[in-house]
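So the structure is just underneath, and the comments pick up after that.
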Amino acid sequence: MTGIGRVELAARIAQDIPEGSYVNLGIGAPTLVANHLPEGLEIILHTENGLLGMGRAPEPGRVDPDLINAGKQPVTALPGAAYFHHADSFGMMRGGHLDICVLGAFQVSSAGDLANWSTGAPGAIPAVGGAMDLAIGAKNVWVMTDLLTRDGSSKLVAECTYPLTGVGCVSRVYTDRAVFDVTDGGFRVRELLGDTTVAELEQLTALTLEERS
Amino acid sequence: MTGIGRVELAARIAQDIPEGSYVNLGIGAPTLVANHLPEGLEIILHTENGLLGMGRAPEPGRVDPDLINAGKQPVTALPGAAYFHHADSFGMMRGGHLDICVLGAFQVSSAGDLANWSTGAPGAIPAVGGAMDLAIGAKNVWVMTDLLTRDGSSKLVAECTYPLTGVGCVSRVYTDRAVFDVTDGGFRVRELLGDTTVAELEQLTALTLEERS
Amino acid sequence: MIDKTVSTVAEAVAGIEDGSTIMIGGFGRAGQPVELIDALIDQGASDLTVVSNNAGNGDLGLAALLARGRVRRMICSFPRQHDSWVFDGLFRAGQIELEVVPQGNLAERIRAAGAGIGAFFTPTGVGTELAAGKEERVIDGRRYVLDYPIKADVALIAAYRGDRWGNLVYRETARNFGPIMAAAATTAVAQVDHVVELGALDPESVVTPGIFVNRVVAVSPRRWVENGEFVGGVDVDGEPLEVAR
Amino acid sequence: MIDKTVSTVAEAVAGIEDGSTIMIGGFGRAGQPVELIDALIDQGASDLTVVSNNAGNGDLGLAALLARGRVRRMICSFPRQHDSWVFDGLFRAGQIELEVVPQGNLAERIRAAGAGIGAFFTPTGVGTELAAGKEERVIDGRRYVLDYPIKADVALIAAYRGDRWGNLVYRETARNFGPIMAAAATTAVAQVDHVVELGALDPESVVTPGIFVNRVVAVSPRRWVENGEFVGGVDVDGEPLEVAR
């Protein structure tokens, strides 16, 4: 079976974001979603370092060192943007005002637990940033990830073995093979991508998967 | 014996406010202190409804309904002023950033307890406003009051009988008869006003008073 | 296109349900959304819990809502004022419940609701009757009591300018409770003096980002003056205020 | 006359003692008070605890302070970055202590210190190893952990413009931790691009009122660029950035 590529996946996620949503796109692959938001629809991007109404990367020569995103990359601000300090920005997240955030993951459990900040490897320098705040803050926490790690093990698991970022926080997982909702009964297949089948997904994840009814 | 008048007392308090201080003047008599701040010295007045750098009352005809003080009287703003919302304003107070606040009182105890918000009278409608925040917030809480109530009882007491505004919060009391510091050993006479003597003060208050050494 | 502006104050308050908790901005008259309150009176919701610093002034705005018997419970810091006769009468007649909260704790509890804080230890009110029954703790040698967030179904606030994304700026001390109430409510409704084009507000100076705001309605000119109070004041554009009635 | 401005960065950091807790503003390079950190390096204080979101980038600023062995302990949310080689080396050699705090809890703990909050219940980090050992409580059906304020002896921050009363405005996302750190420190020192006349800042738009600020020093032009990063950026006045070295 084959799934879809990362850019296609970003585009697939972008389709599911309604106009008017306040959205935080996590560092890494989720940032790609920004490039696929429908033209002409207004979706307001939040970056936790203090900006709502984030725009695209600046033109060369117009980089502004004071205007960066959470990944510390140069960005722009749209008309209608607003700046605020860190306590206000994280109050916005923690207070449940963001509609959607899209995060990367090392593992997601069938209870919606997320592990995405540390592999717990000995000697690794711990660094969490805003990951835990994003995980518990948004109304809808979506994960964007490959279904499998490079060594072929499933990122969808019965229980996370990596250190947790948040407990029971993920509502949906977009992978290269399928889109899953996290329900009280575990992962439910929302949509198959590429030519994947549910049977294949169950084999790869070693999980019993619900199908969308 | 005779003490000094309310306007003189306001002027006396104003003398003790150093340049550069951040000061909140409570509703009522303490507001008078503003009229006696030394000309040419910069003292920055805070009003808890969201302004630092409060100026005097406006000229007639230039009253602005959006620009009021905590007593809901029209005021002005000085060059260098700043507006902020209520959570920030009270964070400023609670966080200990004000140097001085001057409050009225029903009673002050020798332990520095303050009662100034309620007489506890049956049927009275309770209303506290910012009194409790001011009482615990400023680095120095000064009280401005007559020594005696209208019926001749002392406002300086061994223990407050009225409902408390704050516990152990008052550092100095300016009365029409004398200025007192609140010390670990109780009230200490800092300065006699008018032709008052310490013996008279002890008689009027029924307290043992320390004298300034 | 996102457009949070509505044309009338009636649309702005549509859908408010009986039994709701309503935050109403303002400190005294400054920042009080008088036009939205009038619309709420017409809209008809009752059995309300109202969270507001004061309990109405004169006969306008919040006082008028109280006078119609539409409020079951007030949460405020300072209900008793020289012109709070409407509230005073209801309270003495036992027709309204009252929770008095020190002003800074009120503000911080509202802020906590918007910022997702579960509870916080405050030094304000410790040892007083307003802290009676509250959990107390000594932290780093100082006494604190535990206070909980106050959330609302709806916030009605007054700002100076707003845009179609709901970004707001305020004017002078009329800012007061507006920003924290907008964030603490499920539905935040702002009356503004002027709606401006998207991009007209300086992003450095936006006080309430639109994420906190659901509906914006222009109400200029405001009805600021009553019984001679504030006569001769200047309007939002520096023009002399007219006496409203 | 109140005049919090000082002429040199050396005056701005004078008197900082060994063993102090120093907050350093900035998120990555944006808002990092590089010139004040350089002055702190010259000033000599050591055995410092530094509170900052990151643990230094490249070899400038905070990284340079770390490289001199002057920091005993870092409190931050995200020490590990592609260009945090100085911190990485110290940490792996066991030459620096580290407390990692989720970014929002870090911000809120700093804000709590400035606002006189004794402690607060936060939902962030619940059930993770960063909440291990913290008091936990269920409030209204949700799990929270208790976090405490972080105070500092000194805050070093970077703002855009300031006046002699210490009022500050920031620029874009360089605002980040500046306002809350200024309020959480006994002595707050701000480097600004420009000192302006009192009254030149719009009182509606002042982000940090001067009450939180003790010293202001102008440092324009900033040394923004290193190793080609941000080359071609515009300066505070819209002029092209020069490469600092």
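Protein chains get the first letters and strands the later ones, always in sequence-line order, with residue 1 at the start of each. Predicted model only: the values in this text are computed from it and were never measured.
Heavy atoms only, all atoms of each residue included: A/Y22 and C/W165 are closest at OH-O, 3.7 Å. Residues A/E19 and C/M1 share a closest heavy-atom pair of OE2-N, 2.5 Å. C/L198 and A/P79 make their closest contact through CD2-O, 3.6 Å (heavy atoms, listed as atom of the first residue, atom of the second, distance).
More than 12 heavy atoms of other shown residues, nucleotides or ligands fall within 6.0 angstrom of atom CZ in C/R142. Dense packing is recorded around CD of C/E136, with more than 12 heavy atoms of other residues, nucleotides or ligands lying under 6.0 Å away. In this structure, C/K151 places its NZ atom where only 12 or fewer heavy-atom neighbours from other residues, nucleotides or ligands lie under 6.0 Å away. The environment of CG in C/D42 is crowded: more than 12 heavy-atom neighbours from other residues, nucleotides or ligands sit within 6.0 Å. Annotation: C/E197, atom CD; neighbour count of heavy atoms from other residues, nucleotides and ligands within 6.0 Å does not exceed 12. The number of heavy atoms from other shown groups lying within 6.0 Å of CD (A/E159) does not exceed 12.
The shortest distance between side-chain heavy atoms of C/I2 and A/I44 falls below 4.5 Å. Contact annotation: the side chain of A/M92 approaches that of C/P209 to within less than 4.5 Å [non-hydrogen atoms, C-beta and beyond]. No side-chain heavy atom of A/H46 sits under 4.5 Å from any side-chain heavy atom of C/I211.
For A/L52, the part sitting under 4.5 Å from any heavy atom of chain C is the side chain, from C-beta outward, and nothing else. Residue A/L51: no heavy atom, backbone or side chain, is found under 4.5 Å from chain C. For A/A77, no part lies near chain C; criterion is any non-hydrogen pair under 4.5 Å.
When C/P203, C/G114, C/A113 are compared by the number of non-hydrogen pairs under 4.5 Å with chain A, C/P203 comes out ahead.
A distance-only check finds no donor-acceptor pair linking the side chain of C/E204 to the backbone of A/Y83 [under 3.5 Å].
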